[in-house]
Amino acid sequence: MTAGGRHPIVAHMTLRTRFAPSPTGFLHIGGVRTALFNWLLARHHGGQFILRIDDTDQQRHVEDAVRRILDGFRWIGIDWDEGPEVGGTYGPYYQSERAELYRKAAERLVESGHVYRDYSTEAERTADRAAAEREKRAYRFRQLPITDEQAAQYEAEGRPFALRFRVPPGRTLVLHDLIKGDVEFATDEIGDFVIVRPDGTPLYNFASAVDDTEMKITHVVRAEEHLSNTFPQLLVFEALGAELPAFAHIPYVAEPGSKAKMSKRKIEEYEKSGILVYLHQYIERGYLPEALLNYLARLGWSFDASQEVFSRDELIEKFTLDRVNSSPASHDQDKLFWLEGEWMKTASPERKLEGVLPYLQKEGLIADPPTAADRERIGRVIEALGDRLKVFSDVIKLGRYFFTEELTHEPDAVKKRLRKDGVPAMLAELDQVLAETEPYDLATLEKAVHDYAERSGRKMGDVVNPLRVAVTGQGVGPGLYDCLVILGRESCRARIARTIQMLGKA
RNA sequence: GGCCCCGUCGUCUAGCCUGGUCCAGGACACAUGCCUUUCACGCAUGCAACACGGGUUCGAAUCCCGUCGGGGUCACCA
């Protein structure tokens with residue numbers, strides 16, 4: 001038996017891909033990337049992308065988790081043709097609502113003899129597994145010998161049973177994976193696997209194959225940890241007499257600086273070192289969706305030897321599976337951040353203003369809703385910040401002082417720029433310069449400060465830097481004259497006075 | 001442990017299928033310099049890799065074998 005065609009992308013049929021998240025916790029960027037590859041493949045070929053919720057294993061709080069997943073996709077710009085909220089002709093799209101479909105499929109497999117009732121208990125299986133381990137042989141579940149009388153008796157007792165797939169011995173399965181190439185797997189390596197629990201709920205390897213068949217999925221693109229799982233699924237497809245989809249197993253996303261898969265247990269550790277692994281963390285920090293989309297697409301995929309920056313449309317146009325790498329890629333926070341900066345450069349002032357708003361409001365630095373004056377000031381701050389603003393939340397770190405009269409001096413900057421002989425006296429003179437500069441605008445201020453430097457025989461750096469720290473409290477930031485103008489004369493003079501006072505005290 | 005996948009600069013990758021144009025190209029990061037009032041941006045330069053060992057060949061990152069390393073999977077999880 002072989003799976004997938006050699007020319008799997010067939011023109012006459014519509015290409016259909018799917019992403020099937022289980023609604024537990026948050027969306028991981030590795031998961032988003034898997035969804036993205038599915039989506040790009042569908043969009044590139046004018047096909048459909050389906051969202052299916054794999055919720056066979058849990059009951060509560062599913063709706064909330066699903067909503068978070070959906071919101072995440074909407075944010076990054078991945079839309080789905082069928083699935084939750086939009087419906088579709090092959091629904092329902094929640095596995096928990098597809099019980100009847102699974103039951104029918106299981107029934108067919110029982111009738112055709114591919115599946116049998118397993119009355120084993122957990123204790124028995126545990127013992128067998130332990131025995132196998134002791135004897136250093138692999139544990140593979142096989143049907144226990146059972147007499148007709150026993151079977152009849154169990155049935156009469158109403159003894160619970162699971163449905164197991166009878167794996168044919170001695171066969172070699174071949175998968176023509178679109179990324180990994182041909183992969184062979186011996187059925188002797190596969191134990192008889194459970195397809196339906198005693199309570200009637202289906203298991204992944206079965207439900208997945210049934211759904212992919214029913215939903216007419218043509219291309220299964222998923223993370224490579226499913227590669228081994230594919231073989232039992234192949235058996236299910238075959239037993240069902242279903243047409244096989246093509247498979248593409250993409251490498252997983254490894255943790256930064258390593259080839260190890262990102263681990264849920266290390267999330268806190270990652271966050272401490274500035275590594276974000278959940279989609280919502282990027283949203284909360286004010287990343288641009290196109291930057292993350294660009295980054296995720298490039299992780300394990302490339303178009304040519306040089307292009308790094310891709311718009312959404314360009315990705316759709318250029319994405320093909322044959323350019324997907326077959327080895328794992330580790331998450332690179334620095335590269336993402338660089339891409340973020342590249343995309344932020346393309347954002348309009350209006351968009352930046354809207355993006356920055358929530359952070360200022362959360363900090364109580366502007367009114368909610370913002371006043372016209374707030375908007376006006378934010379616009380000027382954004383312009384002054386320029387390329388320094390990489391993610392929206394940076395507005396707090398970089399520009400807090402524009403929105404509050406509280407002046408907190410950064411210790412390092414004070415030490416470097418203000419703790420020098422003659423600085424308080426110079427600041428007092430500069431205060432006079434600011435007081436007398438008329439009009440109080442960029443060009444005039446610049447000339448005034450220049451003249452002062454010349455007059456007092458100082459280098460520009462020795463004037464400008466202390467003055468910056470005096471009015472902003474920070475050693476780095478936008479151009480000094482931008483700061484002076486945005487802050488305004490009165491505020492600047494007040495800040496200088498406070499700085500002189502502070503220097504006198506310490 | 002069995003089986004399966006993977007192995008090019010620190011990282012993302014191009015090149016590998018169809019051996020020579022590769023003393024291995026691009027990007028991020030890092031370093032230095034320029035620009036500049038700081039930082040960011042921009043520009044220039046630099047650092048830096050074919051996991052190892054055999055073989056095939058006139059010639060190997062590219063083909064073959066082995067070793068080592070990393071990962072996945074062996075569930076009534078997905």
Side-chain angles (χ1 to χ4, degrees), chain A residues 20-22 24 54-58 95 118 120 122 125 129 133 136-141 160-164 175 177 179-181 183-186 188-191 193-199 201-205 207-208 223-232 249 251-252 254 256-261 295 298-309 322-323 325-339 341 345 385-390 398 413 416-417 446 449-450 453 459-469 472 474-481:
Chain A
S22 68
T24 52
D54 272 15
D55 58 349
T56 52
D57 201 38
Q58 54 278 323
Q95 289 192 328
D118 168 30
S120 71
E122 192 177 348
R125 293 192 302 272
R129 196 172 289 126
E133 202 158 314
K136 286 187 189 293
R137 60 178 167 81
Y139 170 72
R140 309 273 180 248
F141 190 99
F161 59 86
L163 254 28
R164 273 192 197 260
L175 168 71
D177 192 90
I179 290 165
K180 301 289 184 183
V183 182
E184 294 188 357
F185 206 91
D188 292 341
E189 300 290 337
I190 309 170
F193 53 95
V194 174
I195 64 163
V196 178
R197 295 187 182 91
D199 68 1
T201 53
L203 267 83
Y204 176 73
N205 279 143
S208 181
E224 72 175 318
E225 60 243 40
H226 289 288
L227 186 57
S228 305
N229 283 148
T230 306
F231 298 93
H249 287 92
Y252 59 89
S258 136
K259 289 294 175 200
K261 220 181 137 201
Y295 169 75
R298 276 288 285 107
L299 199 59
W301 173 83
S302 66
F303 176 66
D304 59 19
S306 60
Q307 188 173 0
E308 301 287 345
V309 180
D322 60 301
R323 299 294 308 175
N325 227 92
S326 58
S327 58
S330 52
H331 174 46
D332 184 350
Q333 197 75 45
D334 286 334
K335 189 127 186 186
L336 205 198
F337 196 67
W338 169 73
L339 237 16
K345 285 180 197 168
L385 248 23
D387 293 341
R388 280 164 276 247
L389 187 81
K390 306 261 197 199
L398 265 28
K416 190 171 170 196
R417 306 295 191 188
E446 182 162 4
V449 173
H450 259 281
K459 286 189 283 190
M460 276 304 282
D462 293 337
V463 175
V464 165
N465 289 315
L467 185 51
R468 174 202 312 287
V469 181
T472 70
Q474 303 293 307
V476 301
L480 173 67
Y481 310 108

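Note on naming: letters A, B, ... go to the chains in the order of the sequence lines (proteins, then strands), and numbering restarts at 1 for each one.
- Side-chain atoms of R468(A) come within 3.5 Å of backbone N or O of P478(A) as a donor-acceptor pair.
- A straight line from OH of Y295(A) to P of rA29(B) spans 13 Å, rounded to a whole angstrom.
- Ring centers of Y204(A) and H226(A): under 6.0 Å apart, within the cut-off.
- Here the C1' atom of nucleotide rU13(B) and the NE2 atom of H331(A) are 17 Å apart, to the nearest Å.
- Nucleotides rC9(B) and rA27(B), compared at atom C1', are 12 Å apart to the nearest Å.
- Using the six-membered ring where Trp is involved, W301(A) and F303(A) have ring planes that are tilted, between 30° and 60° apart.
- Look at CG on D322(A): it is 12 Å from P on rC16(B), rounded to the nearest Å.
- Taking the P atoms as reference points, rU62(B) lies 12 Å from rC50(B), given to the whole Å.
- For rA24(B) and rU8(B), the C1' atoms lie 8 Å apart once the distance is rounded to whole Å.
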Atom pairs under 3.5 Å, N or O on each side, protein against nucleotides 49-53 of chain B: can you list them with distances?
none

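- Ring-plane geometry between Y295(A) and H331(A) is classed as perpendicular, the angle between the planes exceeding 60 degrees on a 0 to 90 degree scale with a lower cut at 30.
- Between N229(A) atom CG and rU73(B) atom C1' there is a gap of 7 Å when expressed in whole angstrom units.
- With P as the reference atom, rG71(B) and rA78(B) are 25 Å apart, rounded to whole Å.
- Note: NE2 (H226(A)) to C1' (rG71(B)) measures 15 Å, nearest angstrom.
- One can place CG of L175(A) at 17 Å from P of rU73(B), the figure rounded to the nearest angstrom.
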Every protein N/O within reach of nucleotides 25-27 of chain B N/O, cut-off under 3.5 Å:
unit_1, atom_1, unit_2, atom_2, d
rG25(B), N2, A305(A), O, 3.2
rG26(B), N2, E308(A), OE2, 3.0
rA27(B), O4', E308(A), OE2, 3.3
rA27(B), N3, K335(A), NZ, 3.1

Report the C-alpha separation of V183(A) and H249(A) in whole Å, then their side-chain angles, then the decisive distance to 0.1 Å, and conclude whether the side-chain contact (heavy atoms from CB on, under 4.5 Å) test is met. CA-CA 11 Å; V183(A) 182; H249(A) 287 92; over 6 Å; no
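- If you take atom C1' in rG20(B) and the same atom in rA60(B), they sit 10 Å apart, rounded to whole Å.
- Qualifying salt bridge (Lys or Arg N to Asp or Glu O under 4.0 Å) partners for R298(A), counting only residues two or more places apart in sequence or in other chains: E308(A).
- Taking atom NE2 of residue H249(A) and atom C1' of nucleotide rA78(B), one finds them 13 Å apart after rounding to whole Å.
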Pairwise N/O distances under 3.5 Å, protein to nucleotides 65-70 of chain B:
none

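- Separating the P atom of rG55(B) from that of rA61(B) is a span of 15 Å, rounded to the nearest Å.
- Side-chain nitrogen and oxygen atoms of S302(A) include at least one within less than 4.0 Å of the OP1 or OP2 phosphate oxygen of rA14(B).
- At least one side-chain nitrogen or oxygen of R323(A) sits closer than 4.0 Å to the OP1 or OP2 atom of rG15(B).
- Using atom C1' as the reference point in both rC68(B) and rG53(B), the two lie 10 Å apart (nearest Å).
- Atom-to-atom, NZ of K180(A) to P of rC3(B) comes out at 19 Å; the value is rounded to the nearest Å.
- Taking only side-chain nitrogens and oxygens, R129(A) comes nearer than 4.0 Å to OP1 or OP2 of rC76(B).
- Heavy-atom contacts from other residues, nucleotides or ligands closer than 6.0 Å to CD of E133(A) number 12 or fewer.
- Look at T24(A) and you won't find any side-chain N or O under 4.0 angstrom from OP1 or OP2 of rA78(B).
- The E189(A) side chain lies nearest to rG2(B) when the options are rC77(B), rC12(B), rG2(B).
- When the nearest nucleotides of RNA chain B are assigned to L299(A) and K345(A) by heavy-atom distance, the more 5′-ward of the two goes with L299(A).
- Contacts of D118(A) classified as side-chain hydrogen bond (donor to acceptor under 3.5 Å, both in side chains), with partners at least two apart in sequence or in another chain: S120(A), R164(A).
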Could you list the protein-to-nucleotides 37-40 of chain B atom pairs, N/O on both sides, closer than 3.5 Å?
unit_1, atom_1, unit_2, atom_2, d
rU37(B), O2', N465(A), OD1, 3.1
rU37(B), O2', N465(A), ND2, 3.2
rU37(B), O2, R468(A), NH2, 2.6
rU38(B), O4', N465(A), OD1, 3.1
rU38(B), O2', G475(A), O, 3.4
rU38(B), N1, R468(A), NH2, 3.3
rU38(B), O2, G477(A), N, 2.9
rU38(B), O2, G477(A), O, 3.3
rU38(B), N3, R468(A), NH2, 3.3
rU38(B), N3, G477(A), O, 2.7
rC39(B), O2, R388(A), NH1, 2.6
rC39(B), N3, R388(A), NH1, 2.2
rA40(B), O2', D387(A), O, 3.2

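- For the C1' atoms, the distance from rG15(B) to rG19(B) is 12 Å, rounded to whole Å.
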